[in-house]
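Below is one structure, written out as structure tokens, with a few remarks after it.
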Amino acid sequence: MKTDISDLRGDFPILDQLVNDEPLTYLDNAATAQKPNQVVAALTHFYQTDNANVHRGVHTLAERATAAYEDARHKVTHFINAAEPAEVIFTKGATDSLNLIASTYGEANIEAGDEIVISIMEHHSNLIPWQQLALRKHATLKYIELTPTGELDMADAETKITDKTKIVAVAHASNVMGTVNPIAALTKMAHQHGAIMVCDGAQAVPHMPVDVQALDVDFYAFSGHKMMAPTGIGVLYGKRDLLAAMPPYQFGGEMINFVHRYESTWNELPWKFEAGTQNIAGAVGLGAAIDYLENLGMSNVQAHEQQLVNSLLPQLTADRQIEVYGPHDPARHTGVIAFNIKGLHPHDVATALDMEGVAVRAGHHCAQPLMETLGLVATARASLYIYNTQDDVDRLIHALNETKEFFSHELIKAE
Amino acid sequence: MKTDISDLRGDFPILDQLVNDEPLTYLDNAATAQKPNQVVAALTHFYQTDNANVHRGVHTLAERATAAYEDARHKVTHFINAAEPAEVIFTKGATDSLNLIASTYGEANIEAGDEIVISIMEHHSNLIPWQQLALRKHATLKYIELTPTGELDMADAETKITDKTKIVAVAHASNVMGTVNPIAALTKMAHQHGAIMVCDGAQAVPHMPVDVQALDVDFYAFSGHKMMAPTGIGVLYGKRDLLAAMPPYQFGGEMINFVHRYESTWNELPWKFEAGTQNIAGAVGLGAAIDYLENLGMSNVQAHEQQLVNSLLPQLTADRQIEVYGPHDPARHTGVIAFNIKGLHPHDVATALDMEGVAVRAGHHCAQPLMETLGLVATARASLYIYNTQDDVDRLIHALNETKEFFSHELIKAE
Amino acid sequence: MSLSKLNSLYREVILDHADHPHHKHALTNATTTMTVKNPTCGDVINLDIDLNEDDVITNIGFTGEGCTISQSSASMMSDAVLGKTKDEALKMAKTFSDMVMGKQHDQADLDELDDAAILSSIVSFPARIKCATLSWWALQRALLSNQQEESDGEA
Amino acid sequence: MSLSKLNSLYREVILDHADHPHHKHALTNATTTMTVKNPTCGDVINLDIDLNEDDVITNIGFTGEGCTISQSSASMMSDAVLGKTKDEALKMAKTFSDMVMGKQHDQADLDELDDAAILSSIVSFPARIKCATLSWWALQRALLSNQQEESDGEA
Ligand SMILES: Cc1ncc(COP(=O)(O)O)c(C=O)c1O
Ligand SMILES: Cc1ncc(COP(=O)(O)O)c(C=O)c1O
């Protein structure tokens, strides 16, 4: 029996507060998600009953902490349908995961003249690691461009991915335009050319069912904090054979077998990639967040957000004073919507919305090359999650109207 | 007004439990420390009132989260007496901090033929990064050896540190033998030869006053979880000039100024080294742990542990069936004590103590080269913290006696 | 309704400056030119200054793009420093910076800032402080740039 | 007093095997030799096995260092597999592994293990499971090593 998704607000006390004397309308979920009581309770329980360092201990608390930590790994394994827990590595977050791949697999396998293909809609975290790897190795970085509706241009992908390509790295879902990319098709293309496929799932895993084996990706990265887990925990999924062949990323406690004065040998997977004390409580919290999401059901999560998008997006696209970036078709859109009020700087818009209790982001959303390509310097961005309601959508629309009115003098000028 | 250190147990509900029907005696603090209610409350408060992503947000929650995160950095700055917050970088932990230095400063500055000097008592986290750097660069790794009493041999240090030395990296306090190393003197030596000084403070910062400017170290690394902060947060202190000259470690959100398709520029310190979403709540929790420690006063913390060592260590060294590694003089000893019951494997000892509710660690303590040098495969280790009491010391001694009795048959055999 | 609170930040005078910015044009043959950007929001200020032999700012102009706050701040800054000496202008930049960071400042110094003093309200909007300081930062860097180059040369 | 609980792990027979381990000696000219280590605690087992042409274990001996559990487990394992065929011994290793992991296992299979079955109590001491399995792991690797090398050769 799944929990009713329409009534979760009680699990999120943070939402029950006034901001600038208005009820908080939190629409900055693409930046980070709020945490249900269940996740905070899991942290508290861990710290107040089981806290110890893992693996290395013989005593009872250490055994309980180890079991809790590895249990979280099993939950992740099941949640993304990895073949085995050895393929699930805990990291600090998506950025850490992606840097890990670039610094180990990338460093070991990319040579001068090789090509790395990414898309122009990548978040900096799935862009700069490859850009800098290409610079270090004198490899070529290529960008897959967009269609006019802000989707990935698959025809362009066909021309960019060649036999010289060694790595293709693309986001599962855009953190700006709300597009979902055809990862399975890209993976096939990459594999046909002998390249590996890296997928940045930071904006996908929290919002839709993800099956890494069905996608057939070689690596998949995501962050806990965007899916209601604590900050400082993330995941790198990788296929066993690739992970096994890779050199370690960081060196230290727990990732070793034998350490001698002048040489060392490495632990088996996944621990080879987990040097030093990990974010143990963070992993436990991620496990609790997964429990919470699975209890709702990921298709229900997706359907709930879709319903809100179906209401919000047409209202924005219909407004002549508002410009929406990315697809205008709600059916092809996640709960991440980038827009501007024409003639107004998004920072002014975000400040004005904040006065109405509405939290949105304004800026380049860590996607400067995308902004440059769209001819923008910055946008506002509203992004939804499971605890958002039709009420939140209405409040955003209302606050946007108020904002337009307040700044009407400048808006008139801009027309 | 400082809080009375003799009565803190109420702040640590985890300690108030039965393990194998006996009251828990937690003596595994060198592995990780327990968290006072104040730290858990800070986490809960953050997640239930202020949670948002930092820096990039215009809205109220983002401003509060940013203020909380940067406030934590100010607390760290003050706690270790860094010259400015720009010199305090948040990491995942000491291991992450040390790898950061080896991968950026080390990678950029070590050349074939250069020498890196560490000590034989280093934790793997301050050993393997240098060992592997030396292997990559065809540099020479040298070890400072021990005196017969298990202290750093400063005469040996004089011969090992030469004009060829580029990096000296030594622990402030040993995680096995309870020794405190003369870091200021080593730093002077390193600087006289033009080398930089890296100090691993994982076992020092939680237990004694630390002033990085007085030590004059170039880099100083430590973990939050060993000082009652959450897991997954740590610190790298570095002198501004060195940090400013170093390339970034990881690439992604927040550590950039401008990102173009084929090149990028980096943010100013300390953010240049903080790619992607950091462990924001972890930093806030570290701030709360520092508040807790400062309220007690670090000299009081040190004095409290010293008092327990003064009771425990002589009882262990006086026992003919027990062998203690490291100095036998309590005045030269932190609250970390490694020992064995002669003829018994430390894993059997740890299991037996656990039956009495006493949590100690058994193994190589991530210091295999030290073990090899001492001619050991493993030891038991008891380690103290502020919430330990004379009662805990008494329980350990009692449990050790019970253990000797239980295994007396094997012990007789061993004599 | 709560947008009225916006008036505490976006005062009439600020909106006026944003609507009709003063000195928003490039100078030809300016003695000093400086471009600064705010990476977070992409705002850009190009500042042109004419300094005479007595180090007096005899002409000033700016171009660039940005939010209401950064545009009006550039306009008010230009008004405030025109006709001032380099040292006076630098002191005003310091006063402005102290003001928006919420530090103690002298009322007399504040009066010097003219309209620009109205941005003291930004203290309550920490995420927007950089918007207000961008043009003042450009001014500082422009005025110190020769000196800077000299001291760089020495190093 | 609570150390009595230790008896549930350290049964008399286990302590006896640890005190007086059987087969604790090296074989000269063993047909197969295998050394395995547990990195966590430094325990080492060197296992020597004589297999005849019918794949029967005709002689077995071990040396090495370790805790009470790993030493007694090696002793009991040696007792149990001596005289068994390679396949029987491998099956026993599987049974042992299932048993200590708390998985379902057949009582008849368990009986095959002899004294070694007593280590089922290790289930309640997860941190010590590796101590119990070390010698069985050595056995498996020793018996599979030829095969392994063949399949490595094929790859
Ligand atoms: C001396 C020393 N250095 C480094 C570390 C590594 O710390 P962490 O595991 O928190 O990264 C430890 C902790 O085990 C330690 O004791
Ligand atoms: C698409 C995408 N990739 C990567 C990241 C980086 O995630 P994190 O900052 O948690 O490392 C983000 C989040 O900002 C994102 O939206």
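Just so we're on the same page: letters track the sequence lines, and every chain starts at 1. It should be emphasised that the depicted structure is a prediction, and the values quoted were computed from it without experimental measurement. Quick note: numbers below take in every heavy atom, side chains included, and nothing from hydrogens, waters or symmetry partners.
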**Prompt:** Could you give all pairs that pass the salt bridge (Lys or Arg N to Asp or Glu O under 4.0 Å) test and reach residues 23-45 of chain C, with sequence neighbours left out?
**Reply:** none

**Item:** Pairwise distance CG(C:Asn38) to NE2(A:His347) - rounded to 0.5 angstrom
**Value:** 7.5 Å

**Message:** C:Phe125 vs A:Met355, test: side chain to side chain contact (heavy atoms under 4.5 Å, CB included). Steps then yes/no.
**Reply:** CA-CA 11 Å; C:Phe125 299 81; A:Met355 287 295 123; 3.2 Å; yes

**Request:** Look up atom NE2 in A:His345 and atom OG in C:Ser70, then write down how far apart they are to the nearest 0.5 Å.
**Result:** 6.5 Å

**Message:** Out of C:Cys67, C:Cys131, C:Ala127, return the one with the most heavy atom pairs under 4.5 angstrom to chain A.
**Reply:** C:Cys67

**Fill in**
In terms of heavy-atom contacts, C:Leu6 and A:Ala352 come closest through CD1-CB, 3.5 Å

**Request:** Answer with side chain, backbone, both or neither: which region of C:Leu9 has an atom nearer than 4.5 Å to a non-hydrogen atom of chain A?
**Result:** side chain

**Request:** Supply the atom-to-atom distance A:Thr351 OG1 to C:Lys5 NZ, rounded to the nearest 0.5 angstrom.
**Result:** 13.0 Å

**Item:** Side-chain donor/acceptor of A:His364 to backbone N/O of C:Pro39, under 3.5 Å
**Value:** yes

**Item:** Contact list for residues 116-131 of chain C, test salt bridge (Lys or Arg N to Asp or Glu O under 4.0 Å), sequence neighbours left out
**Value:** A:Asp348-C:Arg128

**Item:** Reported CG-to-CZ distance for the pair C:Leu15 and A:Phe407, which is rounded to 0.5 angstrom
**Value:** 6.5 Å

**Request:** Look at atom CD of A:Glu145 and say whether more than 12 heavy atoms of other residues, nucleotides or ligands are closer to it than 6.0 Å.
**Result:** yes

**CG (A:Asp391) with more than 12 external heavy atoms under 6.0 Å** = yes

**Message:** Counting only heavy atoms from other residues, nucleotides and ligands, does the tally under 6.0 Å from CG of C:Asp111 exceed 12?
**Reply:** yes

